[in-house]
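Okay, so here's the structure we're looking at.
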Amino acid sequence: MKVKKIMSLICSVVIATSLFVGCKSSGESKGEAGGDKKPAVLTALMESSQGWVRNFNPYNKPAQFIQGFMYEPLIIFDSNNGGKETMWLAEDIISEEDNKTLIVKLRKDVKWSDGEAFNADDVVFTYNYSKGKPEIDTSGNWNGDHPKMQSVEKVDEYTVKFVMSNANVFHRKDIFYQTWIVPEHVFSKITDPATAIVENPVVTGSFSEVKDFTPEMVVLGRNPNFWKADDLEVDELRVPQFDGNDAALALLEEGNVDWAYIMIPDIEKTYVKGDAHKKYWYGKNDAMRLTFNYMTKNENNKKAFESVDFRRAVSLATDRKTINESAAFGYLSDEVPTVTGLPSMLSSYKNKDAQALSDQYTKFDLAEAAKILDAAGFVDKDGDKFRDNSDGTPIKFEIVSPAGWSDWNAGAQIIAEDLQSIGINATNAPKELGVVTEAWGTGEFDMLYSAYGQNTNIWKFYFDTIGDQARFLTSTWWSTCQNNYKNDEMTALIEELPQASEERQAEIVATVEKFFAENMINVPLLFNGKWHVYNDSRFTGWTVEEGKGPDPANPTHDSKILQLMELKPVK
């Protein structure tokens with residue numbers, strides 16, 4: 001099996017390398033009438049994949065390059081600058097005093113890549129499209145027990161009125177965050193967007209021409225009608241396929257990749273190797289966690305997970321220092337996140353009492369972990385050297401992480417070994433990314449080595465990761481489906497939060513933080529790295545510092561659009 005894996009990697013690298021050589025850029029570079037100057041070609045590693053599938057449908061398991069570089073949002077929230085707003089397809093968004101109504105003024109100079117005018121009809125259609133389609137309504141705008149929206153209506157050709165179901169001071173950071181606007185004249189003909197195949201894109205974004213598309217490489221050319229064409233200095237985007245950190249490193253070593261979001265072990269020795277142009281910035285990112293699946297189909301494991309003593313013991317048995325030094329090569333901060341996983345942009349909401357509650361269980365202490373388990377009745381009852389529930393039923397679970405995410409795979413292995421050392425039958429189980437996300441939807445997992453995600457909005461962060469019960473058992477990134485923890489009291493508090501006074505908001509946040517810390521609902525690990533890897537031999541303009549420049553995390557954030565627009569070809 002090991003030989004087979006190595007040969008597969010070699011083959012994928014050879015194929016991708018040959019594509020680098022074989023892909024010929026046609027056309028002229030920006031502003032060149034004679035075509036003497038070569039087009040500015042940007043090559044980016046954006047997400048691991050088993051092979052690209054030609055489908056430009058943003059509702060059907062979209063590739064990340066589709067979101068932002070092709071379909072665009074009304075507004076961009078830059079997570080590297082405290083959620084700073086940059087108007088995009090909208091030129092202004094007005095929040096009315098009732099905290100329910102928002103008026104969106106659209107740009108008048110935007111066209112779709114097929115030449116059709118972009119206007120209010122497209123925005124109204126996009127937001128109403130998910131009515132009666134819960135499979136694509138991942139934010140709960142219209143579906144579920146508590147839909148957010150009351151109406152979305154056209155006022156005139158370039159004005160849209162949004163009316164929400166309830167007052168919420170955080171609405172604009174919720175409903176406009178990474179909602180990709182689609183063309184009405186195309187998607188109105190698609191009745192099942194969750195499964196439809198769209199082979200030919202019609203978009204407003206930077207790239208629309210499909211120059212080449214194979215499972216190993218996607219090559220996109222500029223959108224001839226891009227509304228910010230004068231500011232875009234990249235003529236062609238190439239997105240090679242890779243299936244894990246090792247494969248990504250092999251591609252990076254060739255020197256053809258300009259932009260990547262990838263954790264590279266011992267990066268100075270394995271990637272940089274003294275090359276002045278090969279650089280990286282591993283800034284502070286979102287928090288990581290172990291999650292217990294409170295809706296696991298394994299009833300025996302569920303009994304253990306529902307015990308606060310078991311959860312505290314797992315946390316005490318987690319060697320965060322070794323995870324950082326060994327699995328992450330010391331790239332991460334030693335800071336342990338809150339149990340709720342508050343990102344750095346929301347650090348002002350930290351609660352000292354909650355931190356004191358969790359601190360006693362986030363130190364590494366195997367002896368104390370074993371002592372807690374013994375006192376709670378988690379002992380070996382059948383002589384197999386592994387602890388059982390107090391009623392004698394066995395406990396056995398996998399710690400699942402996406403295969404090829406080497407730092408997470410190694411971190412999960414460290415945790416599994418320490419858990420086994422105190423008699424908990426846990427094993428490290430890396431699985432293909434598609435299998436992992438599918439398991440979120442089915443609930444066919446017990447524990448995840450996972451993350452919380454980023455947000456600059458405390459209500460939205462809580463809603464996504466704690467309060468939104470509609471996303472239980474769904475394949476939605478970094479949401480409530482990561483642990484399927486149902487607590488009606490916490491959900492009610494989060495629903496109250498956006499309508500509360502500032503004083504009451506502070507009370508709600510303190511209650512949520514202390515409850516999660518006292519009950520160790522998740523096991524907080526460390527803060528992830530930004531994993532920004534870049535080569536400045538062909539482009540300058542890269543963000544390399546927090547608060548200075550847009551977030552460069554190219555796969556996940558809408559602010560990758562802003563980073564693209566900052567790039568300038570080296571003359």
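Along the sequence shown, residues are numbered consecutively beginning with 1. All heavy atoms count here, side chains included; hydrogens, waters and symmetry mates do not.
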Answer with yes or no whether the side chains of E513 and T340 bring together a donor and an acceptor at under 3.5 Å.
-> yes
With side chain to side chain contact (heavy atoms under 4.5 Å, CB included) as the test, would you mind laying out the steps for I521 and R311 before giving the verdict?
-> CA-CA 7 Å; I521 302 302; R311 300 194 298 268; 4.1 Å; yes
Partners of E417 by side chain to side chain contact (heavy atoms under 4.5 Å, CB included), sequence neighbours excluded?
-> Q413
Does the side chain to side chain donor-acceptor pair (under 3.5 Å) test come out yes or no for N428 and N409, once each step is laid out?
-> CA-CA 7 Å; N428 179 25; N409 303 157; 5.6 Å; no
Does N351 reach the main-chain N or O of A354 with its side chain, forming a donor-acceptor pair under 3.5 Å?
-> yes
Does the pair D78/K84 count as a salt bridge with the N-to-O cut at 4.0 Å?
-> no
Is it true that a side-chain atom of N285 and a backbone atom of G529 form a donor plus acceptor pair closer than 3.5 Å?
-> yes
No-hydrogen, no-angle side-chain donor-acceptor test under 3.5 Å, S48 and D243 | no
So, W478 versus Y452, ring centres under 6.0 angstrom or not?
-> no
Any side-chain donor-acceptor pair under 3.5 Å between Y462 and D464?
-> no
Check the side chains of T291 and N483 for a donor-acceptor pair under 3.5 angstrom, ignoring hydrogens and angles.
-> no
Quick one: are L232 and N223 in side-chain contact, heavy atoms under 4.5 Å?
-> no
Check the side chains of S49 and Q241 for a donor-acceptor pair under 3.5 angstrom, ignoring hydrogens and angles.
-> no
Give a yes/no verdict on a cation-pi contact between K284 and F527, requiring under 6.0 Å between NZ or CZ and the six-membered ring centre and an angle within 45° of the axis.
-> yes
So how far is it from F242 CZ to E216 CD, rounded to the nearest 0.5 Å?
-> 14.5 Å
Electrostatic pair D359-K363, nearest N-O below 4.0 angstrom = no
Do M87 and I93 touch side chain to side chain, with heavy atoms closer than 4.5 Å?
-> yes
Tell me, do L564 and S206 make a side-chain contact under 4.5 Å, heavy atoms counted?
-> yes
Could you state the interatomic distance from CG (N57) to OH (Y71), rounded to the nearest 0.5 Å?
-> 6.5 Å
Lys/Arg N to Asp/Glu carboxylate O, E91 vs R107, below 4.0 Å = no
Can the ring centroids of W542 and W259 be said to lie less than 6.0 angstrom from one another?
-> yes
Please answer whether the main-chain N or O of G549 pairs with a side-chain N or O of N80 as donor and acceptor at a distance below 3.5 Å.
-> yes
List the steps, then state whether side chain to side chain contact (heavy atoms under 4.5 Å, CB included) holds for Y271 with Y280.
-> CA-CA 10 Å; Y271 170 63; Y280 62 98; 5.5 Å; no
Charged N to carboxylate O below 4.0 Å: is that the case for D174 and K148?
-> yes
W88: which of Y177, W227, F176 passes ring-ring contact (aromatic ring centres under 6.0 Å, His included) = W227
Backbone of I323 reached by a side-chain donor or acceptor of S326 within 3.5 Å = no
Can F461 and F463 be said to form a ring-ring contact (aromatic ring centres under 6.0 Å, His included), step by step?
-> CA-CA 5 Å; F461 180 76; F463 180 76; over 10 Å; no
K321 atom NZ: more than 12 heavy-atom contacts under 6.0 Å | no
Would a distance-only check, ignoring hydrogens and angles, find a side-chain to backbone donor-acceptor pair under 3.5 Å from R289 to N522?
-> no
Lys/Arg N to Asp/Glu carboxylate O, K560 vs D551, below 4.0 Å | no
Pairs where residues 258-267 contributes a residue and the test salt bridge (charged side-chain N to carboxylate O under 4.0 Å, His left out) is met, not counting sequence neighbours | D258-R538
Do the side-chain N and O atoms of S315 and R320 include a donor-acceptor pair separated by under 3.5 angstrom?
-> yes
Please examine the side chains of N168 and W459, heavy atoms only from C-beta on, and report whether any two atoms are closer than 4.5 Å.
-> yes
Can you check side chain to side chain donor-acceptor pair (under 3.5 Å) on E72 and T204, steps first, answer last?
-> CA-CA 7 Å; E72 298 182 305; T204 58; 2.8 Å; yes
Student check: side-chain heavy atoms of F329 and N324 closer than 4.5 Å | no
Going by atom types only, do H277 and N535 share a side-chain donor-acceptor pair under 3.5 Å?
-> no
Between the main-chain N or O of I466 and the side-chain N or O of T480, is there a donor-acceptor pair closer than 3.5 Å?
-> no
salt_bridge(K273, E268) N-O dist < 4.0 Å | no
Decide yes or no on side chain to side chain contact (heavy atoms under 4.5 Å, CB included) for T86 and F77, but give the supporting numbers first.
-> CA-CA 7 Å; T86 298; F77 299 95; over 6 Å; no
Between K350 and E335, is the closest basic N to carboxylate O distance under 4.0 Å?
-> yes
Is the shortest distance from a Lys or Arg side-chain nitrogen in K38 or D235 to a carboxylate oxygen in the other one below 4.0 Å?
-> no
Salt bridge check: are E236 and K211 linked by an N-O gap of less than 4.0 Å?
-> yes
Do side-chain atoms of Y331 reach the backbone of I267 as a donor and acceptor pair under 3.5 angstrom?
-> yes
Rounded distance (nearest 0.5 Å) linking atom CE of M263 with atom CG of L249 = 11.0 Å
Could you please spell out the steps behind the side chain to side chain donor-acceptor pair (under 3.5 Å) verdict for Q178 and Q67?
-> CA-CA 8 Å; Q178 298 197 149; Q67 300 174 318; over 6 Å; no
Check: E398 side chain, A429 main-chain N or O, donor-acceptor pair, under 3.5 Å | no
Side chain T543, main chain P552, donor-acceptor under 3.5 Å | no
Taking the side chain as every heavy atom from C-beta outward, state whether V523 and F292 have any pair of such atoms under 4.5 Å apart.
-> yes
Evaluate the side chain to side chain contact (heavy atoms under 4.5 Å, CB included) criterion for residues L237 and V239: first the C-alpha distance (whole Å), next the side-chain angles of each, then the deciding distance (0.1 Å), finally the verdict.
-> CA-CA 7 Å; L237 175 66; V239 189; 3.9 Å; yes
Flag for N293-D446: side-chain donor and acceptor within less than 3.5 Å = no
Between F305 and F397, does the ring centre distance come in under 6.0 Å?
-> yes
Check whether any side-chain heavy atom of F445 lies under 4.5 Å from a side-chain heavy atom of K431, and answer yes or no.
-> no
What about W440 and W477, are their ring centers closer than 6.0 Å?
-> yes
Give a yes or no answer on whether the side chain of T338 reaches the backbone of L342 with a donor-acceptor pair at less than 3.5 Å.
-> yes
Can you tell if the side chain of L290 reaches within under 4.5 Å of the side chain of L448, non-hydrogen atoms only?
-> no
Check ion pair E85-R172 (N to O, under 4.0 angstrom) = yes
Aromatic contact, W531 with W405 (centres under 6.0 Å) | no
